[in-house]
Amino acid sequence: MKSLTLFSFFLTTFLTGLQGQSTEQIQQLAAEIFENSTAASEQEPDFSSLTDNLIQLYQSPININQARREDLEKIFFLSDSQIEALLYQRYQLKNFYSIYEMQSIEGFSRQTLEWLEPLITFGISEQLAPGRFRAKGDLFVRAQTLLETRAGYRQREDGSKPYQGSKIKLYTRLEVQPVKDLKMGFIAEKDQGEPMFNHQIGTLDHLAGYLSWQPDKVLKQIIVGQYRMSGGQGLALQTGMAPIKSSATTSIRNRQASFRPSLSASEYGGLSGVLMDFGTRDLSITPFISIKKVDGRLDTLDNGSTIITSLKNDGYHRTLTELSQRKNVREAVYGLQAKYHLNRFMIETGYLHYHLANPVLPPSEVYNRNYFSGKRHQNFWVAGEGSLYNLHLFGELAFNPNGAPAVWGGILLPVKSVVDLSLGYRRIPMDYRAPLGAPLTEASVPAGESGLYIGWQMDLPASLTLSAYLDYYRHNWLQYQTSAPANGHDFLCVLSHQSYKEWENTLRYRYRNKTINLTTSDRGKPVGKRTQNQWRLQSRYHTAANWIFTLRADLQTVNRPDRPNLPKGFYLGQDIRYVSDNKKWNITTRYALFDAEEYDTRVYAYEPDVLYSFSTPAYYGRGSRWLIVGKWTILPKLDLWARYAQWQYSNRENISTGHALIEGNRSREIKFQVRKRF
């Protein structure tokens with residue numbers, strides 16, 4: 001899965017320069033967010049914008065004594081109440097000089113400070129050497145392949161092969177900052193099965209890059225190439241990662257940067273063109289334009305006109321059919337975004353125009369009513385956020401020409417340093433369309449949905465922390481695999497215990513109640529309630545400075561009226577990590593057993609991987625999983641990674657189907673990567 005690789009930019013970056021408990025805990029929290037989204041989303045989420053933000057933080061830590069609110073909002077594990085408390089404490093003290101002074105900030109636990117320490121500076125080095133800058137760059141190359149051969153690579157009777165390329169996946173990323181105000185990047189990728197350097201694809205399948213200049217004057221920044229944008233709560237504009245439900249239960253406000261250059265490997269989403277940011281410290285006016293080619297499934301009507309039945313978003317171009325759909329639709333986007341900061345409040349407004357070369361006409365299924373159709377579309381939005389006493393308010397009102405506006409608003413409230421509360425309300429009309437929108441919603445298409453979200457987090461006695469949320473939603477129209485308007489709710493509760501630094505235990509429970517179609521002959525009951533219970537127990541133990549042991553057990557049950565006796569899903573995994581005394585090499589291994597014979601009870605679990613690569617596969621079926629990954633610093637700023645991973649199934653004679661079919665019950669993958677920093 002393509003975005004599984006993209007999200008690794010954030011998760012594994014910390015493994016390069018950091019060792020210790022804070023690294024592992026941040027990695028676990030982010031991985032849990034990814035697992036939730038991968039399991040719940042109808043479409044594969046793209047985490048590259050969060051990835052880019054955290055890479056930038058690690059490479060260029062924030063000066064905590066000069067940071068504005070929007071700078072601190074890039075740190076995803078800081079809640080809005082924590083950011084407000086930090087700014088208030090800094091206002092009183094003028095400056096922080098060490099991480100120890102930040103212990104007195106209201107709501108900052110020891111764990112929060114451990115996570116925060118590698119991402120911030122206190123401005124001392126800048127004061128000692130003002131104006132000095134050293135050019136820097138980062139280059140890495142990765143290759144991976146399956147040792148087994150899928151059916152798509154095998155020759156057919158007529159001598160042809162379904163997959164037109166080799167089974168090796170290649171990925172290269174280069175980022176250079178030659179001078180202080182100028183930065184540029186380049187990315188190239190070829191998926192397994194895709195051809196390269198021939199008449200079908202003349203280079204690698206995906207090439208992208210950017211050039212960013214920040215003169216920091218009236219023209220504050222200009223970006224040429226690939227970039228991401230976000231507005232308000234994402235109702236009209238969100239080309240990065242949408243806000244998601246996770247164990248960070250009070251973090252529901254969209255905190256993506258308004259814009260930033262991007263080296264995303266995702267071939268769907270994002271913008272490519274020119275963006276300029278004008279203004280002052282408090283005012284920002286940002287015109288933008290994007291023109292690029294995207295993948296589409298085309299059809300020709302009886303009158304000879306060409307339509308798009310759907311836009312293709314998986315990024316694969318392996319077969320002749322997929323190659324015929326490669327970059328065959330011209331997409332143009334242009335608009336304007338404006339922000340004004342007034343003390344503790346920010347007001348934002350924006351407009352965008354979306355245009356395709358051919359009209360979209362989805363298949364005639366009833367649930368497709370909520371999908372965008374046509375050739376062009378417009379969206380307007382007005383948004384704001386700010387603090388009033390100890391309340392943090394945020395919201396967005398978004399419009400399109402079709403009818404009533406969409407609303408997403410919320411309140412974040414700390415209650416006497418005991419509990420943090422978050423309340424969110426959304427109402428998105430059935431006729432609302434936003435081709436580039438991605439707010440926090442249950443459905444992947446934000447139309448015809450209303451909902452109420454309540455989240456809280458509190459510290460308990462005996463070193464316990466409790467986090468929970470309840471999200472109730474209603475769909476006013478049919479959804480995919482749901483042939484009637486329906487409602488549902490999603491509940492999550494996480495209890496964590498950390499009595500001392502070396503040992504942490506977490507108990508997590510999630511309950512989901514959702515309406516689905518029933519596989520029954522009773523026409524009077526086409527839909528019914530599907531309930532899902534997910535239990536997870538995880539224990540992590542650090543022994544001295546070299547060893548980390550992580551044990552995790554998952555149990556999932558699913559109940560549905562048409563299949564009353566579904567077997568449970570079970571996962572048990574043990575991770576062991578060793579770091580050498582000189583920090584020049586480390587090894588991580590996992591052995592896991594799983595028994596999830598039904599797809600409904602599959603378990604998602606993040607896996608250790610090489611730097612800038614990450615996977616969260618579905619443990620589905622019955623068998624075992626074993627992997628080992630190692631890193632070796634050969635020379636200063638020159639690193640080498642290697643990874644071997646194996647699936648072994650006990651209830652299958654073959655793995656997967658169609659072109660992905662592997663004959664046998666074992667699948668093995670190897671991966672190598674070299675990184676050079678300069």
Side-chain angles (χ1 to χ4, degrees), residues 9 48-63 66-75 119 121 126 131 133-138 173-187 208-232 234 236-241 254-264 269-292 333-342 346-352 381 383 385 436:
F9 286 152
S48 55
S49 57
L50 175 63
T51 294
D52 289 342
N53 286 345
L54 269 296
I55 289 176
Q56 183 65 31
L57 280 175
Y58 177 66
Q59 295 176 342
S60 303
I62 290 175
N63 184 336
Q66 297 179 1
R68 302 182 65 186
R69 182 189 301 276
E70 55 266 35
D71 298 321
L72 298 173
E73 288 173 353
K74 298 175 184 177
I75 305 175
L119 306 181
T121 66
E126 291 86 345
F133 177 81
R134 177 179 295 179
K136 53 188 177 182
D138 192 356
R173 183 178 187 264
L174 171 65
E175 198 160 20
V176 179
Q177 190 171 5
V179 296
K180 187 175 182 180
D181 301 329
L182 186 66
K183 196 171 184 180
M184 60 189 73
F186 173 80
I187 189 172
Y210 74 86
L211 177 67
S212 173
W213 180 44
Q214 294 180 275
D216 201 22
K217 297 179 180 179
V218 175
L219 174 60
K220 296 193 289 184
Q221 186 173 5
I222 180 170
I223 302 172
V224 179
Q226 186 169 263
Y227 60 93
R228 298 278 179 173
M229 292 198 71
S230 177
L237 177 62
Q238 182 70 281
T239 63
M241 188 189 72
N254 180 26
R255 286 172 30 179
Q256 290 291 309
S258 297
F259 57 87
R260 63 166 297 116
S262 171
L263 284 182
S264 168
L271 301 171
S272 183
V274 179
L275 176 148
M276 294 182 288
D277 183 35
F278 300 91
T280 63
R281 178 177 174 85
D282 296 322
L283 176 65
S284 176
I285 299 176
T286 310
F288 60 93
I289 183 170
S290 169
I291 300 175
K292 66 176 186 176
V333 181
Y334 62 84
L336 180 73
Q337 184 182 44
K339 280 188 174 184
Y340 180 67
H341 294 266
L342 179 63
M346 184 277 296
I347 300 174
E348 175 190 338
T349 185
Y351 162 81
L352 70 84
W381 72 93
E385 60 97 1
L436 299 183

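Since the structure is predicted, the reported quantities are computational estimates derived from the model, not experimental observations.
Checked by atom type and distance alone, the side chain of Q177 never pairs as donor or acceptor with a backbone atom of G137 at under 3.5 Å. Checking side-chain atoms of S290 against main-chain N and O of S272 turns up a donor-acceptor pair under 3.5 Å. Side-chain N or O atoms of T239 include one that pairs as donor or acceptor with a backbone N or O of M229 at under 3.5 Å.
Taking OG of S264 as the start and CD of Q226 as the end, the distance is 5.5 Å to the nearest 0.5 Å. Within the model, atoms CZ of F278 and CD1 of I285 stand 9.0 Å from one another, a figure rounded to the nearest 0.5 Å.
For E348, the side chain to side chain donor-acceptor pair (under 3.5 Å) partners two or more places apart in sequence, or in a different chain, are Q337, W381. For the salt bridge (Lys or Arg N to Asp or Glu O under 4.0 Å) test, residues two or more places apart in sequence or in another chain that qualify with K220 are D277. Among residues two or more places apart in sequence or in another chain, the ring pair (Phe, Tyr, Trp, His ring centres under 6.0 Å) test is passed with F288 by none. For A67, the side chain to side chain contact (heavy atoms under 4.5 Å, CB included) criterion is met by I62, D71, L72, R90, not counting sequence neighbours. Among residues two or more places apart in sequence or in another chain, the salt bridge (Lys or Arg N to Asp or Glu O under 4.0 Å) test is passed with D282 by R68. Residues passing the ring pair (Phe, Tyr, Trp, His ring centres under 6.0 Å) test with F186, sequence neighbours excluded: none. Remark: T349 engages no residue in a side chain to side chain donor-acceptor pair (under 3.5 Å) (not counting sequence neighbours). Checked against side chain to side chain contact (heavy atoms under 4.5 Å, CB included), I291 has the following partners two or more places apart in sequence or in another chain: I289, R330, A332. Remark: K292 pairs with no residue by the side chain to side chain donor-acceptor pair (under 3.5 Å) rule, at least two apart or across chains. Applying the side chain to side chain contact (heavy atoms under 4.5 Å, CB included) rule to L211 yields the partners L182, M184; only residues at least two apart in sequence or on another chain are considered. Every residue meeting the side chain to side chain contact (heavy atoms under 4.5 Å, CB included) condition with Y210, not counting sequence neighbours, appears here in chain and number order: E175, K183, S212, P261, L263. The side chain to side chain donor-acceptor pair (under 3.5 Å) test applied to Q238 returns S230, N254, not counting sequence neighbours.
By the 4.5 Å heavy-atom criterion applied to side chains, T286 and M276 are not counted as neighbours. Contact check for W213 versus I223: no side-chain heavy atoms found under the 4.5 Å cut-off. The closest side-chain heavy-atom distance from L352 to Y334 is not below 4.5 Å. P61 places none of its side-chain heavy atoms less than 4.5 Å from the side chain of L119.
The number of heavy-atom neighbours closer than 6.0 Å to CD1 of I347, taken from other residues, nucleotides and ligands shown, is 12 or below.
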Item to check | L275 vs I222, side-chain contact (heavy atoms from CB on, under 4.5 Å): CA-CA, chis, key distance, verdict | outcome: CA-CA 6 Å; L275 176 148; I222 180 170; over 6 Å; no

